[in-house]
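Report on one structure; see the data block that follows.
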Amino acid sequence: MLLLLLQGLNGLQLGILLFLVAAGLTLVFGVMDFINLAHGVQYMLGAYLAAFFASLTGSFWLALLFALPSALAFGLLLEWLVFRHLYDRDHLSQVLATFGVILFLNEGVKALWGSAPLQVPMPALLSGGFEIMPGLQYPIYRIAILGAGLATAGLLWLVVERTKVGMLVRAGATNAPMVAALGVDIRRLFMGVFGFGAMLAGFAGVMAAPILSVEPGMGDNLLILAFVVIVIGGIGSIRGAFLAALMVGLIETLGKSLMPDLMRLFMDPSSARQTGAALASMLIYIAMAAILAVRPAGLFPVRAA
Amino acid sequence: MRRDLPAIAFLLLLAMAPFIGFGEGHQLTLLARSMIFGIGAVSLALLVGGAGLASLGHAAMLGFGAYAVVVLDDAGITSMAIVLPVAMLAAAGFALLTGVIAIRTSGVHFIMITLAFGQMAYFTAASLSAYGGDDGYTLYGRTEVFGTRLLENRLAFHYVCLGALTFTWGLCRLLLASRFGRVLRAARENELRVQAVGFSPYPYRLVAYVIAGALGGLAGVLLANSAEFIAPSYLSWQRSGELLFMVILGGLGGLHGAMIGALVFMGLEEWLPHLLGEHWRLVFGPLLILSVLFLRGGLVGLPASLRGIGRG
């Protein structure tokens with residue numbers, strides 16, 4: 001029971017990180033119909049920038065302060081250099097060109113910082129444990145991630161649902177040509193969405209840096225999970241991305257800890273461990289295939305038919 | 001017939017390659033690998049170019065073929081007469097099972113769902129601890145052909161791969177030219193109109209998907225024999241991405257594009273590290289981006305684009 005609670009919290013925390021990455025991805029995908037495989041490297045860049053500024057300034061908070069605008073600037077630079085030339089191309093070209101960006105940036109951080117994982121010190125204010133139950137400690141930092149992520153999600157919801165810019169973004173996700181025809185500069189809107197999404201992914205990277213090892217390619221696996229999230233949630237839907245991210249985070253984490261035990265009911269311990277681990281890794285893909293088989297446009301489709 | 005000239009010329013060049021300065025061991029190995037990935041790429045081009053189905057899980061088909069070799073090898077069965085049909089059937093079976101669901105979707109969702117199935121195959125392979133799990137499995141002998149170790153001979157293996165590539169290209173070419181292929185291509189252009197004249201695209205696409213899967217299995221058998229080592233990384237989504245890239249780099253104008261794309265890709269992957277050292281991907285990545293931005297028709301479309309520039 002205790003284990004379930006802890007793993008549930010860990011799952012929520014993975015879900016929150018996933019949401020921060022998936023939010024930008026789903027908006028970019030929804031508004032401009034642009035598949036950006038390189039969104040995962042924005043997350044990696046966030047983590048590397050945090051490591052870089054933390055070693056420079058010695059403070060996590062200063063690193064956070066510097067890393068966010070740098071991530072934003074980098075996202076805008078990539079948009080200007082590469083992505084803007086791909087908007088009117090087919091999905092396949094976008095997938096391949098952004099695949100090239102991944103190769104370049106993964107190798108780039110390897111050339112600059114080496115392939116050994118970097119460590120980012122945890123801020124003193126947030127280190128230590130928090131007693132959620134008598135005798136049960138949970139790291140404060142992980143709770144802080146949950147809080148910061150939920151606050152960001154709330155803020156994002158406010159912006160998207162309650163402001164004029166948000167209205168344009170939602171309208172763009174539903175029918176972009178119509179919004180452009182109404183006189184909105186959709187390219188500038190998109191650049192804004194793009195930079196903002198890159199910053200959110202970078203923010204997730206900064207927050208993850210102290211608890212994960214910062215290494216080249218760390219964004220790739222998260223990217224695939226984020227794609228699963230936006231496809232399950234419905235492309236372009238922030239609400240869908242939020243629910244799907246929490247779902248995927250929980251399934252992934254709980255599956256990894258519970259599946260081997262579950263399998264032990266049917267088979268001997270050693271093969272149960274392996275089959276369980278394999279099944280656990282597959283669970284989210286099974287969930288995605290099942291959801292797509294029933295609802296081909298995801299849980300909360302926004303695109304006008 | 002005229003349209004096939006580039007492909008036939010390319011295959012003939014490959015046939016002559018060992019005698020015109022590419023006969024050394026490592027060159028033959030590289031050529032064999034290029035032809036093997038060429039088989040994978042041509043079968044994928046049948047889907048992407050022919051049916052408009054961009055699969056991001058095609059490496060799983062090669063993986064099924066390769067792991068069939070491994071499983072049978074572990075059981076002591078190394079005869080090609082058994083290994084090849086089993087491998088192709090296994091890959092085709094996986095394609096059928098996953099295709100039934102995947103073909104229901106289209107566009108981006110098809111890309112994502114094939115990716116999901118590919119990942120399932122990848123994680124399954126990684127959990128096969130009897131066959132090395134994550135660390136992979138080393139084959140101590142290549143598959144036997146009629147009881148002989150024919151495939152151990154590099155030159156013989158070169159021509160086996162060339163034969164398989166020619167077979168794959170010919171089969172896909174015939175399929176695309178047939179009535180079956182016409183329905184596929186028509187459905188790619190306009191699904192609604194195809195339905196209006198009385199065809200349901202679904203079974204046609206499914207059959208194409210299964211055939212591409214079986215051909216991927218063929219490539220997998222040769223891949224296992226060429227590397228004499230198989231690891232789950234052969235099934236990773238990055239491999240599927242590379243296969244797609246070979247197809248697009250070559251160009252969708254004809255099936256020979258995929259063969260040329262595979263050769264150029266493998267060549268770059270081999271030579272760039274020699275040329276540029278450890279961080280060769282710093283050049284390879286931008287090359288990839290530039291080729292997508294400026295080589296719209298792929299490599300096979302290059303002469304036409306250059307002529308266009310020449311005319312002003």
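Quick caveat, the model's predicted, so the values are computed rather than measured. Per chain, numbering begins at 1; letters A, B, ... match sequence-line order.
Formation of a donor-acceptor pair under 3.5 Å by the A:Arg89 side chain with backbone atoms of A:Ser93 is not found in this model. With hydrogens and angles disregarded, a donor-acceptor distance shorter than 3.5 Å links the side chain of B:Ser240 to the backbone of B:Ala59. The backbone N or O of A:Gly234 sits nowhere less than 3.5 Å from a side-chain atom of A:Ser237 that would complete a donor-acceptor pair. For A:Ser257 (side chain) and A:Leu254 (main-chain N/O), a donor-acceptor pair under 3.5 Å exists by modelled atom type. Counting only distance, with no hydrogens or angles, the side chain of B:Thr114 and the backbone of B:Ser55 share no donor-acceptor pair below 3.5 Å.
The parts of A:Leu96 that come within reach of chain B are both its backbone and its side chain, each placing non-hydrogen atoms under 4.5 angstrom from that chain. Contact annotation for B:Val48: only side-chain heavy atoms (C-beta onward) come within less than 4.5 Å of a heavy atom of chain A. With a threshold of 4.5 angstrom between heavy atoms, B:Ile101 approaches chain A through side-chain atoms but not through N, CA, C or O. If you measure heavy-atom distances from A:His85 to chain B, the contacts under 4.5 Å come from both the backbone and the side chain. With a 4.5 Å cut-off on non-hydrogen atoms, B:Leu115 touches chain A through its side chain but not through its backbone. For a residue to count as touching a neighbouring chain, one of its non-hydrogen atoms must lie under 4.5 Å from one of that chain's; by this rule B:Tyr122 does not touch chain A. Contacts of B:Phe245 with chain A are made by both backbone and side-chain atoms, with heavy-atom separations under 4.5 Å. Both the backbone and the side chain of B:Arg281 have a heavy atom closer than 4.5 Å to some heavy atom of chain A. Using a 4.5 Å cut-off between heavy atoms, A:Ile284 makes no contact with chain B at all.
Within the 4.5 Å cutoff, the side chain of A:Ile238 has heavy atoms near those of the A:Phe19 side chain.
Contacts of residues 256-264 of chain B with chain A at a heavy-atom distance below 4.5 Å are absent; not one residue qualifies.
For B:Leu192, the CG atom counts as loosely surrounded, since its 6.0 Å shell holds 12 or fewer non-hydrogen atoms of other residues, nucleotides or ligands. Open room surrounds CZ on B:Arg104; 12 or fewer heavy atoms of other groups in view lie less than 6.0 Å from it.
Side-chain contact check for B:Tyr202 and B:Gln195: no donor-acceptor pair (N or O, by modelled atom type) lies under 3.5 Å. Judged purely by distance below 3.5 Å, without hydrogens or angles, the side chains of B:His58 and B:Ser43 pair a donor atom with an acceptor atom.
Between chain A and the options B:Ile248, B:Val283, B:Thr105, heavy-atom pairs under 4.5 Å are most frequent for B:Ile248. Taking chain B as the reference chain and counting heavy-atom pairs below 4.5 Å, the highest number among A:Ile224, A:Leu86, A:Val228, A:Ile35 is found for A:Ile224.
Between B:Phe117 and A:Tyr285, the distance from one ring center to the other does not fall under 6.0 angstrom.
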